[in-house]
Amino acid sequence: MSLSREQMLVEMGITPLWVLRDAVPETPAAELASAAPVATDSKPAPVADPLPLQAATPLVAPVVSPAVAAQASVDTLEWPELARRVAECRACPLCEQRKQAVLGVGDLNPEWLFIGEGPGAEEDAKGEPFVGQAGKLLDAMLASLDIARGNRVYIANAVKCRPPGNRTPEAAEMAACRPYLERQIALLKPKIIVLLGKAAVHAVLHDDKSLASLRGQRFEFAGVPVVVTYHPAYLLRNLPDKAKAWEDLLFARRTLRERMAPELPF
Ligand code: URA
């Protein structure tokens, strides 16, 4: 018994029959009419090509890029699932050398969100951001604002895994981690975001201008005011700039107060 092409595919379990949209050139109807044998009675038409089995080839090009798909799949996560996804993340090479991913720490209903660069050795070991020398300075900066780790403030990083040798994270690494940071911001709904250093500015604002040129301005991310200041590790090496960082924090506090009580004359 001779089977038609479709009958053969059904026998082999290869249905429905998918075709690559781009790979099949459009054949004019007239050509088809002359090339295809036409069955004139009830017998199946002869099989021209007995092995047309391209079904293992990817069939239709993906509609969204993997990065967009990853973003979409993170966008709806609640904290426990987000934490699990970050802990297991393998979206960039930073996962290879981490001891653990460092999601963030603090009040889950904060006024302030501080965003740094990425975990260092101590943060990688402890699983908490800013626990080394730079962290001690950050804690002092928070205290000057009458806030403390875990009380009205959340602390996160542009990347969740330690860059080897404490190097600056690369743009692609920050891009891979961005869906997590964006989800954190969406869940936290902070009243103000303070970006600590150039990497955080790049990750959130996509801006690579100098910090000096960005300080003292109010930016916005997802409707939240954003201000920029120096990274505490930079301030440890450049003590005179601590005064500028203090100015930036006062500017941030004014911006926060304007937002929370616009009618009050602060
Ligand atoms: N520097 C950062 O940017 N983040 C940390 O968590 C620690 C140091």
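Note: hydrogens, waters and symmetry copies are ignored here, and every other heavy atom, side chains too, is used. Residue numbers run from 1 in the order of the sequence given. Each ligand, and each atom within it, is numbered from 1 in the order the structure gives.
Of all non-hydrogen atoms in Arg85 and Ser73, the two that sit nearest each other are NH2-OG, 2.9 Å. Pairing each heavy atom of Pro232 with each of Leu138, the nearest pair is CG-CB, 4.1 Å.
For the residue pair Gln184 / Lys160, a side-chain donor-acceptor distance below 3.5 Å is found, with atom types taken as modelled.
Each ring pair (Phe, Tyr, Trp, His ring centres under 6.0 Å) pair with one or both residues in residues 147-198, not counting sequence neighbours, appears once here: Trp79-Tyr154. Listed by first and then second residue, the ring pair (Phe, Tyr, Trp, His ring centres under 6.0 Å) pairs involving residues 195-227 amount to none (not counting sequence neighbours).
Residues that satisfy the side-chain hydrogen bond (donor to acceptor under 3.5 Å, both in side chains) test with His231, not counting sequence neighbours, are absent from this structure.
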List of N/O pairs, ligand 1 versus protein, all under 3.5 Å?
unit_1: ligand 1; atom_1: 1 (N); unit_2: His231; atom_2: NE2; d: 3.3
unit_1: ligand 1; atom_1: 3 (O); unit_2: Glu117; atom_2: N; d: 2.6
unit_1: ligand 1; atom_1: 3 (O); unit_2: Gly118; atom_2: N; d: 3.3
unit_1: ligand 1; atom_1: 3 (O); unit_2: Asn157; atom_2: OD1; d: 3.4
unit_1: ligand 1; atom_1: 3 (O); unit_2: His231; atom_2: NE2; d: 2.7
unit_1: ligand 1; atom_1: 4 (N); unit_2: Gly118; atom_2: O; d: 3.0
unit_1: ligand 1; atom_1: 4 (N); unit_2: Asn157; atom_2: OD1; d: 2.8
unit_1: ligand 1; atom_1: 4 (N); unit_2: Asn157; atom_2: ND2; d: 3.4
unit_1: ligand 1; atom_1: 6 (O); unit_2: Phe130; atom_2: N; d: 2.9
unit_1: ligand 1; atom_1: 6 (O); unit_2: Asn157; atom_2: ND2; d: 2.9

